[in-house]
Amino acid sequence: MKKYHIWTIGCQMNVADSTHVGAELEKLGYEPTGTIDEADVVVLNTCVVRQSAENKALGKLGSLKPWRLQNPDRTLALMGCMVGVRPSPKLLNAFPWVDVFMAPSEARPLVEHIRNRMTAEELRQAEARQLVFRHQLQDEAYPIASLKHLSLAGETPVAAYVPVVYGCSHACTYCIIPFRRGIERSRPLQEIADETRGLVAQGVREITLLGQIVDRYGYDFEGGRPNLVDLLEAVHEIEGLWRIRFLTSHPSYMNDALLEAVARLPKLMPHIEVPIQAGDDEVLARMKRGYTAEDYRRLVARIREIIPDVAIHTDIIVGFPGETDAQFQQTYDILEDLRLEKAHLARYSPRPGTVSARRMEDDVPDAEKRRRHQLLEAQHERISAELNRRWLNETVEVLVEDMHKGKWRGRTPQNRLVFFEDDRNLRGRLVDVTITWTGPWSMQGVAADRLAVARDIPTGLIVH
Ligand code: SAH
């Protein structure tokens with residue numbers, strides 16, 4: 001059987017795009033391999049949100065040149081934000097050893113490349129395989145073409161990503177994503193629901209709905225419906241699905257109806273990802289974020305008021321053009337005040353084509369960006385450790401995802417990582433775990449009771 005290997009870097013959307021490509025290749029009769037040398041097809045799924053990510057992809061691309069040139073039957077595909085919606089002639093010329101260039105979320109060019117090289121018999125065999133797969137799903141009604149993230153090989157994780165809004169039409173001045181992922185497009189609700197049912201039939205228990213501004217789901221539909229609340233209600237109905245998250249939110253698009261839905265629907269986890277980016281109003285205005293620090297404070301208070309025990313995650317950029325020490329201090333201070341559960345920290349990196357790269361001087365020296373980054377890192381570690389301590393001796397519900405270094409690894413409703421030892425196979429189970437140790441980035445515990453393996457699971461759905 002022919003094999004494929006996918007290398008992925010970047011955001012959750014890229015991870016989802018990679019599972020989509022994997023699923024499409026499996027429909028053509030390919031199987032996954034972790035080893036590049038075994039692979040007939042290698043896909044590099046790239047990110048350019050910061051220069052550092054772009055450099056890693058360029059390095060990987062260079063290292064794959066000999067692999068590709070050694071054997072003319074091999075296929076190398078370059079995918080994602082390095083390619084963009086339409087690859088530039090410059091990119092095409094720079095890497096002549098790449099066979100296929102693929103826009104983000106777009107598997108078709110590779111599928112067509114491979115199909116064109118398959119014999120009629122090979123195509124027939126691939127079709128037959130799909131029929132068997134559909135039969136295994138026990139629901140012939142699924143339109144298989146719309147199931148974008150299902151692995152025929154059954155290598156399905158416990159927690160999976162489901163894109164619901166592709167692209168982005170916002171114009172944050174630092175951000176390259178709208179240039180590379182195209183305009184905002186919502187996926188049809190029915191397609192998302194079908195796909196989620198398919199994932200659940202394969203053993204997925206938690207889904208995270210993805211969009212650059214996920215709260216804008218449906219804004220591009222006539223009349224703005226269905227919206228994110230409608231979508232959450234629809235997937236909430238799916239039997240066998242236990243947990244639902246969504247990200248990333250934008251402070252200007254979160255509303256009470258959405259927060260109330262999270263509070264009301266039991267499968268919706270108390271976990272909100274809503275980036276602030278900076279704590280200074282002038283910096284926020286130059287970033288074109290569309291809100292003030294005070295607006296953000298009010299939003300955090302509102303989220304906490306409506307969703308009990310919520311964990312709020314945020315993103316921060318330090319060293320945006322013109323950011324003074326005093327302005328950085330505003331970011332530090334608001335984080336000190338708000339004590340958010342998680343902060344993804346980044347140093348500003350000018351990206352080609354963006355407003356900030358064209359019109360603003362990247363004038364915060366690298367050493368200063370690093371210093372600010374380190375200050376926030378230390379602050380975050382301290383606050384995180386303090387917040388986690390509150391879980392000590394508490395019993396929390398953990399959805400077990402996998403085994404890591406001899407311990408089961410899973411997440412709490414608040415998305416806190418928990419490790420614990422147990423000799424039973426608990427993958428894909430909800431387990432009550434009593435926390436015995438907490439650190440800033442994870443917690444450890446013991447399964448509360450041998451009989452407390454929570455909730456009965458219909459057999460046959462679990463991947464042992
Ligand atoms: N649309 C999502 C994700 C954007 S990319 C959102 O609104 O959050 C993820 C994070 O990368 C951003 O939140 C931002 O903090 C960071 N980022 C984006 N562009 C950047 C740049 N040019 N330099 C440094 N960090 C950047």
Side-chain angles (χ1 to χ4, degrees), residues 1-8 15-45 71-77 79 99-100 102 105-163 187-188 190-205 207 238 240-241 427-428 458-464:
M1 219 172 183
K2 292 202 165 174
K3 295 190 164 70
Y4 71 90
H5 176 88
I6 306 182
W7 177 89
T8 310
V15 175
D17 288 349
S18 290
T19 63
H20 170 44
V21 174
E24 295 303 310
L25 290 175
E26 287 173 26
K27 286 179 198 166
L28 296 175
Y30 282 70
E31 62 180 32
T33 173
T35 318
I36 284 178
D37 278 326
E38 266 181 27
D40 302 283
V41 173
V42 168
V43 181
L44 293 189
N45 196 357
N71 183 340
D73 294 333
R74 288 174 170 166
T75 301
L76 178 58
M79 185 183 190
D99 300 285
V100 189
M102 300 149 83
S105 309
E106 210 25 279
R108 232 170 318 171
L110 179 59
V111 169
E112 271 161 28
H113 179 91
I114 292 173
R115 284 188 79 95
N116 289 339
R117 284 160 183 73
M118 284 168 75
T119 63
E121 175 56 19
E122 284 169 336
L123 283 168
R124 202 194 53 75
Q125 281 174 8
E127 291 287 327
R129 206 167 119 79
Q130 287 182 30
L131 281 179
V132 172
F133 170 69
R134 192 150 34 174
H135 182 70
Q136 280 167 351
L137 273 183
Q138 293 169 333
D139 191 343
E140 315 240 341
Y142 288 124
I144 199 155
S146 75
L147 304 180
K148 296 194 167 152
H149 299 84
L150 288 187
S151 157
L152 273 66
E155 291 199 355
T156 321
V158 172
Y161 294 120
V162 178
R187 280 178 84 186
Q190 197 53 49
E191 191 180 295
I192 297 165
D194 282 346
E195 182 164 289
T196 305
R197 273 191 283 126
L199 288 168
V200 169
Q202 287 193 327
V204 167
R205 292 289 164 259
I207 57 162
I238 295 172
L241 179 68
R427 184 172 189 268
T459 46
L461 291 183
I462 303 303
V463 186
H464 285 290

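Small disclaimer: the values here were computed from a predicted structure and weren't measured. Note that the numbering runs from 1 along the sequence shown for the chain. What you see below is based on every heavy atom in this structure, not just the backbone, and it leaves out hydrogens, waters and symmetry mates.
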Shortest non-hydrogen pair, Met79 vs Ser105, comes out as CE-N, 3.7 Å

Salt bridge (Lys or Arg N to Asp or Glu O under 4.0 Å) partners for Asp40, two or more places apart: none

Minimum heavy-atom separation for Asp99 and Thr75, please, with both atom names. OD2-CA, 3.3 Å

If I take atom NE2 from residue His20 and atom CG from residue Asn45, how far apart are they, to the nearest 0.5 angstrom? 11.0 Å

Do the non-hydrogen side-chain atoms of Ile6 and Val21 ever get within less than 4.5 Å of each other? yes

Thr8: partners by side chain to side chain donor-acceptor pair (under 3.5 Å), with sequence neighbours left out: Ser18

Taking only residues two or more places apart in sequence, or in another chain, which ones meet Arg108 in a salt bridge (Lys or Arg N to Asp or Glu O under 4.0 Å)? Glu106

Would you please name every residue forming a side chain to side chain donor-acceptor pair (under 3.5 Å) with Thr19, sequence neighbours left out? none

By salt bridge (Lys or Arg N to Asp or Glu O under 4.0 Å), Lys2 pairs with (sequence neighbours left out) none

Quick one: side-chain contact (heavy atoms from CB on, under 4.5 Å) partners of Ala77, sequence neighbours excluded? Val43, Val100, Met102, Leu110

Among residues at least two apart in sequence or on other chains, which ones pass ring-ring contact (aromatic ring centres under 6.0 Å, His included) with His5? none

Provide the full list of salt bridge (charged side-chain N to carboxylate O under 4.0 Å, His left out) pairs with a residue in residues 122-133, sequence neighbours left out, each pair given once. Glu121-Arg124

For Ala16, all residues meeting side-chain contact (heavy atoms from CB on, under 4.5 Å), sequence neighbours excluded: His149, Tyr161, Pro163, Leu210

Residues forming a side-chain contact (heavy atoms from CB on, under 4.5 Å) with Asn71, sequence neighbours excluded: Asp73, Arg74

Could you grab the distance from atom CD1 of Ile36 to atom CG of Leu76, nearest 0.5 Å is fine? 9.5 Å

dist Thr196:OG1 -> Ile238:CD1 (nearest 0.5 Å) comes out at 4.5 Å

Output yes when Glu112 and Arg115 qualify as a salt bridge under the 4.0 Å nitrogen-oxygen rule, no when they do not. no

Just by distance, do the side chain of Thr35 and the backbone of Asp37 share a donor-acceptor pair under 3.5 Å? no

Nearest 0.5 angstrom please: Tyr30 OH to Met1 CE, how far? 10.5 Å

Which value, rounded to the nearest 0.5 Å, describes the distance between Leu28 atom CG and Met118 atom CE? 5.0 Å

Is a side-chain N or O of Arg205 found less than 3.5 angstrom from the main chain of Ala159, in a donor-acceptor match? no

Provide the closest heavy-atom pair for Pro157 versus Val204 in the form atom of the first, atom of the second, distance. O-CG2, 3.1 Å

Between Arg197 and Asp194, is there a side-chain heavy-atom distance shorter than 4.5 Å? yes

Measuring from Asn116:CG to Leu123:CG, what's the distance to the nearest 0.5 Å? 9.5 Å

